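See below for the structure under consideration.
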Amino acid sequence: MSACRTDELCVAVLARLIGDASHVAVGNASPIPGMAALLAQSGSGGRVRVSMLNSRRHNAFTDGGRELFDCAGQGRIDVFFLGGGEIDGEANLNLVSVGDPERPEVRFPGSFGSAYLYFTVPRVILFREEHSPRVLVPKVSFVSAPGTSPDNVYRPGGPAALLTGKALFSFNKNKKQFRLESVHPGETVDTVRQATGFEFDTADEVTNTPGPDPETLDLIRGPVAREIGEAYPQYAARFVRI
Amino acid sequence: MSACRTDELCVAVLARLIGDASHVAVGNASPIPGMAALLAQSGSGGRVRVSMLNSRRHNAFTDGGRELFDCAGQGRIDVFFLGGGEIDGEANLNLVSVGDPERPEVRFPGSFGSAYLYFTVPRVILFREEHSPRVLVPKVSFVSAPGTSPDNVYRPGGPAALLTGKALFSFNKNKKQFRLESVHPGETVDTVRQATGFEFDTADEVTNTPGPDPETLDLIRGPVAREIGEAYPQYAARFVRI
Amino acid sequence: MTTEAVVPGVGELAARIEDGASLAIPPDYSNVPLAATAALIRRNARDLNLVAVPTSGLQTDLLIGAGCVASLEAAAVSLGEFGPAPRFTDAIRRGVLAMKDSTCPAIHAALQAGEKGVPFMPLRGVLGSDLIGRRPDWRVIDNPFGENDPILLLPALRPDVALFHARRADRAGNVWLGQRRELVIMAHAARRTLVSVEEIVDDDFLADEVIAAGTLPALYVEAIALAPGGAQPLGLEGVYEADRARLVDYAEMARSADGFARWLDHFLATKAAVA
Amino acid sequence: MTTEAVVPGVGELAARIEDGASLAIPPDYSNVPLAATAALIRRNARDLNLVAVPTSGLQTDLLIGAGCVASLEAAAVSLGEFGPAPRFTDAIRRGVLAMKDSTCPAIHAALQAGEKGVPFMPLRGVLGSDLIGRRPDWRVIDNPFGENDPILLLPALRPDVALFHARRADRAGNVWLGQRRELVIMAHAARRTLVSVEEIVDDDFLADEVIAAGTLPALYVEAIALAPGGAQPLGLEGVYEADRARLVDYAEMARSADGFARWLDHFLATKAAVA
């Protein structure tokens with residue numbers, strides 16, 4: 001494993017989580033998932049289709065704002081990324097507010113498409129770089145999108161994993177619980193537990209999150225970083241090194 | 001009144017019925033209503049908007065086949081034309097079949113948009129040139145679109161008039177009955193009654209259907225006939241005389 | 001992305017439409033895939049469940065006459081100015097076609113439900129029509145937002161396959177459809193979309209924002225086959241006019257089974273010659 | 001048809017938006033009518049009920065900060081990469097804005113219901129979200145085509161006015177929108193549509209089938225006003241980039257009421273100078 005920054009590690013891990021999906025969509029304001037999608041596409045020889053809302057080049061939608069959602073409703077999107085102002089141990093997401101919604105202490109921008117895409121996209125990957133008790137809470141103050149649903153609720157989709165700047169969790173929807181799979185360089189199960197506001201399961205063997213191999217890191221710092229510049233000019237500079 | 005053919009008379013009468021509508025739509029296979037719409041537009045100095053499905057020039061729709069119907073649902077279409085294989089005295093329309101629908105004696109093409117537009121367009125003008133007991137029946141064999149609806153049914157639209165090659169009727173939706181308003185040249189109340197399979201009311205004074213004045217007839221045989229040629233090339237020849 | 005979407009010919013499109021499939025097809029005035037229809041007839045397709053969007057004409061009449069059709073959902077079937085569709089009319093009168101009569105906006109709305117991944121779509125109007133009694137798959141409910149306000153619900157249509165003809169595709173599989181957006185909805189709603197085209201060009205339709213506005217992205221397109229003249233003897237807007245003489249012939253000849261067979265033979269031979 | 005649709009300027013557009021109107025507006029990345037927004041603030045508009053399609057940013061924050069807004073329906077409000085929308089956040093925290101939180105596809109679907117003239121539209125997902133408890137206008141029913149299958153219904157949105165900025169209109173009032181079809185739905189669903197444009201050209205957009213495919217017909221457009229730079233300091237795709245420095249300033253200054261007032265004064269002065 002090469003020495004790399006946490007954001008570069010996240011790009012590599014998210015790309016692995018995308019795996020061999022045939023269509024991955026990336027919402028607005030998601031440069032790291034966007035880079036991960038481009039990396040996964042590159043690794044698949046172009047077979048992974050990427051629809052990135054911020055991009056013109058990597059965005060085949062032509063039917064206006066509803067097309068992403070309709071496309072997901074048709075079952076044509078395999079992977080999407082969501083985050084949240086708060087995420088709790090049952091994978092509930094809060095993108096609205098903290099405290100009494102009528103007079104909240106904190107107001108986030110709003111739910112965007114989370115309340116829909118969390119249900120309709122088979123593999124939703126949760127990504128939030130900040131890993132703190134403020135974000136990873138025991139119980140969200142407002143449920144924008146629930147992590148699980150009763151059996152009778154139509155729900156082909158849901159959370160598959162949670163990646164932060166400290167660790168990678170998988171999600172077990174029957175137990176309604178995250179499981180710590182690996183910790184990033186410099187972290188331990190204990191430091192992760194301290195930074196996490198919710199209870200979680202741990203894998204029998206919590207590994208160190210594998211970073212990108214040198215070839216992958218070159219891709220991230222080279223073609224992928226340059227390519228993301230089209231959609232996120234301010235981000236490219238942060239990554240381009242070669 | 002100038003000497004004119006029945007079809008020319010029908011164009012003139014339909015144009016009068018369109019009146020000062022702001023938007024008149026014309027379905028497929030409707031050359032005479034199409035000419036009437038163009039005549040009404042011409043008479044209004046272009047203020048009447050015409051959407052003719054068969055036309056490219058007189059058709060502002062850009063959103064595919066559903067736009068006509070959505071536009072009507074929005075309340076943006078004031079006048080539409082319908083016909084029918086059978087029309088009965090309560091203004092029910094049959095565009096499907098005669099006899100047992102499983103093994104019908106006669107099969108018509110189908111209901112097209114009638115079952116919807118008859119409800120949503122405020123003034124639907126029924127037009128069928130053939131005026132015979134075969135078409136104007138006591139009771140339609142199949143209701144594609146009902147002439148009237150119970151009070152609790154959402155129905156901003158419905159039949160306003162019925163024009164045939166012999167006569168003009170208005171429709172009274174409370175009485176669920178047509179009323180003979182005028183007879184075309186050569187017809188009388190009796191000849192119309194003989195040719196009509198349903199009972200109808202008669203106006204206190206049944207007049208002779210006024211034909212087009214010479215200027216209007218010139219318009220029909222000149223610019224309007226040439227203009228309809230864009231949408232119905234085979235029809236233009238029948239009308240163009242000047 | 002790739003040129004994998006381009007297949008050798010309409011025969012390959014026909015091979016991808018299984019017997020028993022539900023097949024969405026366009027109205028007679030718009031992008032009718034008649035070369036692909038000939039290929040379907042040649043491969044002896046059986047038990048197709050046609051969905052006309054929202055009406056049909058020659059294509060449906062040919063498929064019915066050739067024995068390919070089990071059921072048909074349509075707002076109307078006719079040859080337009082050329083008269084009734086004779087094989088359709090005959091099949092209905094003999095009671096050998098499972099007909100689901102509909103109305104244009106109902107088919108559009110049901111496809112929009114399919115496009116959105118919702119199980120149904122409401123539609124105003126239609127109440128009191130005998131159409132409803134013959135559609136056990138439709139429901140009338142009381143509008144949950146009103147009071148004593150009945151409204152029709154249509155179940156979503158998600159055809160197995162959408163099949164149509166278009167003017168142009170690019171090598172990535174993007175198809176330019178312009179204002180024919182009923183075909184866009186049809187492709188979104190269908191599980192798979194097969195397209196024959198007049199030409200396949202080197203441009204990238206998505207790179208030009210003006211072209212892109214009328215383009216169905218390759219994302220929705222499984223296969224594209226080159227088929228010049230693929231809508232003939234019907235017309236294709238902006239490319240060729242309908243061959244009126246052949247359509248008049250059809251309307252006349254297809255009134256008998258024998259006449260239909262003769263017209264069909266000639267049609268298949270013509271299409272085979274160019275395929 | 002006529003050039004009646006063209007009005008002298010954005011002031012005339014603002015004059016046609018009554019106090020208390022429901023007003024549909026586009027997301028920050030698409031055709032934001034900021035010159036017209038300045039005119040609305042200048043005419044002291046009050047009690048607007050904004051409908052963001054489906055999100056908003058600077059436009060909504062300006063209108064809230066200037067006291068023009070009674071209620072807001074949106075899936076989100078933020079300045080995107082520039083941070084939270086400060087006046088929105090402040091108004092919510094002080095409890096002075098009637099907020100109808102939604103989710104993107106719900107707003108799109110509700111506008112499609114408005115477009116189709118149906119009273120509601122179903123939507124999958126959302127169940128179990130706290131959004132529902134705060135939306136007494138939404139309903140959950142059992143899917144009439146399923147069994148024990150709850151589904152959300154959204155009432156149709158028919159805003160009084162849709163307002164957006166576009167690149168080009170022709171003299172007949174046709175507006176080219178390209179792939180920005182959320183604006184087409186917005187215009188169909190709204191009772192009246194007002195558009196500011198970068199330029200008004202002599203071509204007939206409907207005469208060219210390629211242009212027509214991306215055109216909103218004049219049929220839906222009540223008034224058009226020329227407003228070059230009408231989306232600035234936001235960008236307009238293909239015409240100008242966002243003025244990032246001014247947006248950074250806004251995100252910083254608008255955190256206080258005073259700073260907002262200073263930024264707004266400058267903004268109104270700039271817009272007045274070009275109007």
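Here is the naming used below: chain letters follow the sequence lines, and residue numbers restart at 1 for every chain. Fair warning: this is a prediction, and the values are worked out from it, not measured in the lab.
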Interface residues of residues 66-86 of chain B facing chain D - heavy atom cut-off under 4.5 Å: B:Arg66, B:Glu67, B:Asp70, B:Cys71, B:Gly73, B:Gln74, B:Arg76

Chain B heavy atoms under 4.5 Å from D:Ala190: which part of the residue, side chain, backbone, both or neither? backbone

Does any backbone or side-chain atom of D:Val184 lie under 4.5 Å from a heavy atom of chain B? Answer side chain, backbone, both or neither.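 Contact with chain B: side chain only.
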
For each of D:His188, D:Lys116, D:Arg191, tally heavy-atom pairs with chain B at distances under 4.5 Å, and name the one with the top tally. D:His188

List in chain and number order the residues that pass salt bridge (charged side-chain N to carboxylate O under 4.0 Å, His left out) with D:Glu209, two or more places apart in sequence or in another chain; answer none if no residue qualifies. C:Arg167

Compare every heavy atom of D:Arg181 with every heavy atom of B:Thr62, then report the nearest pair and how far apart it is. O-NH2, 4.3 Å

Tell me the closest heavy-atom pair linking B:Ala60 and D:Pro217, and the distance in Å.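 Minimum heavy-atom separation between B:Ala60 and D:Pro217: O-CG, 3.0 Å.
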
Surrounding NZ of B:Lys139 (heavy atoms of other residues, nucleotides or ligands, distance under 6.0 Å), is the total greater than 12?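 Enclosed: over 12 neighbouring heavy atoms sit under 6.0 Å from NZ of B:Lys139.
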
Exceeds 12 heavy-atom contacts within 6.0 angstrom, atom CG of D:Asp137: yes

The reported gap from CG in D:Leu206 to CZ in B:Arg57 (rounded to nearest 0.5 angstrom) is 13.0 Å

